[in-house]
Undergrad: 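Dumping the structure here so I can ask a few things about it.
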Amino acid sequence: MPNTIIAHPEATADTIRAADAAHHLHPFTNSHNLNIRGARVIERAKGVYLWDSDGERLIDGMAGLWCVNLGYGRQELIDAAHNQLQTLPYYNTFFQTTHEPATRLAQAIAEVTPGDLNHIFFASSGSEAIDTIIRMVRHYWALEGKPYRKILIGRENAYHGSTIAGASLGGMAGMHKQGGPLLSDIHRIRQPYWYGEGGSMSEEAFGIACAKALEDKILEVGPDNVAAFVGEPVQGAGGVIVPPENYWPEIQRICRKYDVLIASDEVICGFGRTGHWFGCESFGFQPDIVSMAKGLSSGYLPISAVAVGDRIANTLIKEGGDFNHGFTYSGHPVAAAVALENIRLLREENVVSYVANTIGPYFQAQLRDRLGSHPLCGHIEGVGLLAGIALVKDRDSKTFFGPDTDVGTVCRDHCFRNGLIMRACGNRMVLSPPLVITPAQVDEIIDKARKCLDLTYADVKNGKLF
Ligand SMILES: *Cc1c(COP(=O)(O)O)cnc(C)c1O
């Protein structure tokens, strides 16, 4: 291949798009369709805004992919990376060595996590953190003399990443269809999606019924065979599905009854998104082990972690010998330095209480007041700075669009054209803006979302969607 890009550093949006179509395979994308349309080239970002190569400004209602919690262009995070690159750009933590950034970050994470999640294992992505949890809890049970406790129980429509383990544990039908066979000894139960699946049940009765599904599953496979239950406090990629209030306490009661470990996948909920440092605190349960990623570094560099409670860690440390697991970039010093600075800023600027007491309540109230009665909008649910909007054909009879009607994608494309990034998860529109968003910027998101719901509704009226 001739070295065209390097020979022509003055790349334009068109040359970037052409090279993208020729060489870049995108994640979760129909490359054929993308290559025909051409990708939108994002050039720069500041605060809660992005600019594309046409100079159009977009307000980022998704904080990138649920991760840029402190917003774009924070000089402190840039300086943290720059300084660490100059001092020690890389060293591993495998062979009896450590370094200050990884150590201080482990300490900082232990300080902000609830309960006795005092021991931290590092990786680079949420998916790797999930793999780590699976390997670690099975290893834990083997050390406890119960190697038969291998089964992990997840949920339908859960998202736990895209490695073979993450895809297997998650409940995304589209992912299960490709690249299998999936990992064995994984089972799934129903999701606690009351608006979509609760029928005529009260929210409370539905919460109990969905937790009961866990007990039924544990009894079906045999309590002695179950290693852990894994769940997101709020399902993110599933469409921001907030469980009934009694769901997680009941799940916890059942797990304790059968000595099943609780793993909370906090990759989205962690670091203030729900108005607490971790989602489990918003939903009233104490996990034995936790995965975190996205918000850990506000997305500036890839880093993830597993926080391990004393029970598992003590066995691993005292009886485990070598744990034969880890990644070249476990505890990467530059990523760790950025994550440490990110946590320092979250604390110094009281971002978590800003979400809990100021901007979260404002965001939730404005969404309901200004979009709640829109004819396309069946139901709005959310917590902190997370929200999901169910798009329906008919509000009163709660009639959903047909499975072949991609109403979410149509709405998302209207948003994109009108300067708003709002993502579609099937027929649900989701929002997860940076935690530092101001009330005026929330208003801007909602103004634009309203306009785009109107445009989508016009498509429905014109018979373009059915
Ligand atoms: C994004 C996500 C993951 C996977 O993280 P990656 O960094 O993309 O591997 C896992 N769990 C949840 C809940 C997520 O939202």
Side-chain angles (χ1 to χ4, degrees), residues 26-29 62-69 121-136 152-172 174-176 179 183 186 188 191-193 228-243 248 262-274 278-280 282-283 287 289-307 327-330 332 335 338-339 342 382-388 423-426 428 430-433 435:
H26 289 248
F28 287 99
T29 296
M62 282 305 295
L65 266 180
W66 328 79
C67 55
V68 187
N69 287 355
F121 193 99
F122 289 114
S124 298
S125 69
S127 303
E128 289 172 355
I130 288 294
D131 277 48
T132 299
I133 285 183
I134 294 174
R135 297 201 67 210
M136 195 182 275
L152 291 121
I153 302 177
R155 298 179 296 179
E156 300 302 338
N157 198 35
Y159 188 76
H160 298 297
S162 195
T163 54
I164 196 91
S168 303
L169 185 60
M172 295 289 163
M175 295 176 79
H176 290 171
L183 207 61
I186 290 194
R188 269 178 297 277
Q191 60 172 335
Y193 179 21
F229 173 73
V230 187
E232 305 154 84
V234 177
Q235 288 156 259
V240 181
I241 291 165
V242 181
W248 272 110
I262 303 173
S264 186
D265 184 352
E266 300 264 0
V267 168
I268 287 176
C269 293
F271 300 96
R273 173 74 42 208
T274 67
F278 288 86
C280 56
S282 298
F283 290 90
I289 190 164
V290 161
S291 53
M292 59 193 77
K294 298 180 168 117
L296 171 55
S297 65
S298 282
Y300 279 50
L301 283 175
I303 183 166
S304 68
V306 175
F327 305 97
T328 303
Y329 300 132
S330 286
H332 190 287
V338 170
N342 182 62
V383 56
L385 283 177
L386 273 177
R423 181 172 159 190
C425 302
R428 296 177 64 78
V430 299
L431 287 166
S432 169
L435 306 186

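Counting convention: from 1, in listed order, for ligands and their atoms alike.
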Undergrad: Within a strict 4.5 Å, meaning less than it, do heavy atoms of the Q235 and V240 side chains meet?
TA: no
Undergrad: For atom 11 (N) of ligand 1, what is the nearest protein heavy atom, given as residue, atom name and distance?
TA: D265 OD2, 2.7 Å
Undergrad: Of the listed options (M292, H160, K294), which comes nearest to atom 15 (O) of ligand 1 when hydrogens are ignored and any heavy atom counts?
TA: K294
Undergrad: Using a 4.0 Å cutoff against the non-hydrogen atoms of E232, which atoms of ligand 1 qualify?
TA: 13 (C)
Undergrad: Taking all atoms of both residues into account, what is the closest heavy-atom pair of N342 and L296, and its distance?
TA: ND2-O, 3.0 Å
Undergrad: Is W66 touching ligand 1 with its side chain, its backbone, both, or neither, if touching means heavy atoms under 4.0 Å apart?
TA: neither
Undergrad: Answer yes or no: does atom OH of Y329 have more than 12 heavy-atom neighbours from other residues, nucleotides or ligands under 6.0 Å?
TA: no
Undergrad: Can we call the ring centroids of F327 and F122 under 6.0 Å apart?
TA: no
Undergrad: How close does the nearest protein non-hydrogen atom get to atom 7 (O) of ligand 1, and which residue and atom is it?
TA: G126 N, 2.8 Å
Undergrad: To the nearest 0.1 Å, how far is atom 9 (O) of ligand 1 from its closest protein heavy atom, and which atom is that?
TA: S127 OG, 2.5 Å
Undergrad: What distance separates M172 CE from C425 SG, expressed to the nearest 0.5 Å?
TA: 7.5 Å
Undergrad: With heavy atoms of S125 as the reference, note each atom of ligand 1 found under 4.0 Å away.
TA: 7 (O), 9 (O)
Undergrad: Atoms of ligand 1 less than 4.0 Å from I268 heavy atoms?
TA: 15 (O)
Undergrad: L169 and side chain to side chain contact (heavy atoms under 4.5 Å, CB included): which partner among H160, R188, R155?
TA: H160
